[in-house]
Amino acid sequence: MLRLVIGAGVLLMAVGFGAAGWQYWQSLPASPDAPAVAAADAAPVPSRQSWLISPTGGQIRQDEVDAYLAQERFVPSRHVLIRREARLADLLAEGEKLPEPAFLQVLADIRAPRVAGGLCSVLMAIAQDCAVNSARVVDGSIDPVGGTALFDLELVYRLPADGVELPDLAAHVLRMDSVGLELEAGAEGSATPETALQALLAAVDEACASETVGEICRTMEISLTWAPGQAVSGRARIAWLDPLPEGMFVAPPLETLSGG
């Protein structure tokens, strides 16, 4: 019995001294060689509201929420879809020749990213970064006589940090609208897909500056169809924040809607 009491006492003393020693080492100044990452990791990371409300009180789909709020990263729903015609000869490296017609489809598919050309540089007017997410030749669009094909391009982009602090999102609704562009063949801006995209972005800027558009207007999605000598058709979707309609009260959702 005595051994048990003594043993328990020794154990309690060890625990006590161990706790005191830990407090002592914790009170020492940090070593100059210690990484600063630990302090940064310890800092609380502010959480961002991950849901938005529609003007009718419903919940905005998560993919649209990401397209509007997630400026700092690429998201699939914030993209530019472009269908354009291009010359097959423009896919070749210097000194190359076009293969036999049976292999043109393969060549066009492999070299399709080249067709994106300077589209990303045009998009940088509204973006912080841009990348070609996919580029494919449209099946059955190869014209071996004319030497052309249609290509479907998808660009994704990150929005620049605009320095504007978001208002209380729970006290606002997200409104969305479409901006259309129709250019006749030969009209100003229709000469190349790059100039057509510039014209569409200018229309977006004008729409965002309209008195009917509220706070923090952002471009969510762009689509454009271009072919030489033909009319140009384009459309963009913009979104902005408006105060909650009078009499509407919003409770945070229990779970967010999927992007589907």
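- Proximity of a side-chain donor or acceptor of W51 to a complementary backbone N or O of Q59 within less than 3.5 Å is not detected.
- The two residues D242 and G214 make their nearest non-hydrogen contact at OD1-CA, 3.4 Å.
- From E154, atom CD reaches atom OG of S134 across 4.5 Å, with rounding to the nearest 0.5 Å.
- Cluster membership for L181 and V122, using ILVMFWY side-chain heavy atoms within less than 4.5 angstrom, is shared.
- Checked by atom type and distance alone, the side chain of D129 never pairs as donor or acceptor with a backbone atom of R158 at under 3.5 Å.
- Ion pairing between a basic and an acidic side chain is recognised when a charged N comes within 4.0 Å of a carboxylate O; E64 and R237 show such pairing.
- One finds the OG1 atom of T148 at 4.5 Å from the CG atom of D143 (value rounded to the nearest 0.5 Å).
- Shown here is R114, whose CZ atom has more than 12 heavy atoms of other residues, nucleotides or ligands within 6.0 Å.
- Residues T195 and A191 come closest through the heavy atom pair OG1-N, 3.6 Å.
- L104 is listed as a side-chain neighbour of L98, based on a closest heavy-atom distance under 4.5 Å.
- For L200 against S223, the heavy-atom pair with the smallest separation is CD2-O, 3.8 Å.
- Of the inter-residue distances, the one linking H172 atom NE2 with I53 atom CD1 reads 13.0 Å to the nearest 0.5 angstrom.
- Taking all atoms of both residues into account, the shortest heavy-atom contact from A236 to V204 is CB-CG2, 3.5 Å.
- Using a 4.5 Å heavy-atom threshold, the side chains of R73 and D66 count as touching.
- Remark: R218 qualifies as a cation-pi partner of Y68 under the 6.0 Å distance and 45° angle criteria applied to the six-membered ring.
- In this structure, P243 and V173 have side chains that are not in contact, with every pair of non-hydrogen atoms separated by 4.5 Å or more.
- The nearest pair of heavy atoms linking L153 to A112 is CD2-O, 4.2 Å.
- With L69 as the fixed residue, the side chain to side chain contact (heavy atoms under 4.5 Å, CB included) test singles out one of V75, L52, I60, L174: L52.
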Check the pair D152 / R136 against salt bridge (Lys or Arg N to Asp or Glu O under 4.0 Å), numbers first and verdict last. CA-CA 5 Å; D152 281 337; R136 299 295 301 270; over 6 Å; no

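- The main-chain N or O of P160 is found under 3.5 Å from a side-chain atom of Q71 such that the two form a donor-acceptor pair.
- When hydrophobic clusters are built by joining Ile, Leu, Val, Met, Phe, Trp and Tyr residues whose side-chain heavy atoms come closer than 4.5 Å, directly or via intermediates, M176 is grouped together with L166.
- Using modelled atom types, one side-chain atom of E96 and one backbone atom of A93 make a donor-acceptor pair closer than 3.5 Å.
- Contact detail for C217 and W240: the closest heavy-atom pair is CA-CB, 4.0 Å.
- I238 and V156 fall into different hydrophobic clusters, where Ile, Leu, Val, Met, Phe, Trp and Tyr side chains are chained together by heavy-atom contacts under 4.5 Å.
- Residues meeting the side-chain contact (heavy atoms from CB on, under 4.5 Å) test with V132, sequence neighbours left out: A116, A135, L155.
- At a threshold of 4.5 Å between non-hydrogen side-chain atoms, the residues V80 and L224 do not count as touching.
- Looking at heavy atoms from C-beta onward, I222 lies out of side-chain contact with I82 at the 4.5 angstrom threshold.
- With a 4.5 Å cut-off on side-chain heavy atoms, E85 and P228 count as touching.
- A heavy-atom distance below 4.5 Å is not found between the side chains of D177 and V213.
- You'll find the side chain of E221 stays beyond 4.5 Å of the side chain of S77, heavy atoms only.
- For the pair R78 and Y157, the cation-pi test (distance below 6.0 Å, angle within 45°) is passed.
- One hydrophobic cluster holds both I216 and V65 under the rule that ILVMFWY side chains link at heavy-atom gaps under 4.5 Å.
- Both V137 and L92 are assigned to one and the same hydrophobic cluster, defined by single-linkage of ILVMFWY side chains at heavy-atom distances under 4.5 Å.
- Taking CZ of F74 as the start and CG of L159 as the end, the distance is 10.5 Å to the nearest 0.5 Å.
- Note that the CZ atom of R84 and the CZ atom of F151 stand 8.5 Å from one another [nearest 0.5 Å].
- Going from atom CD1 of I110 over to atom CD of Q105 covers 11.0 Å, rounded to the nearest 0.5 Å.
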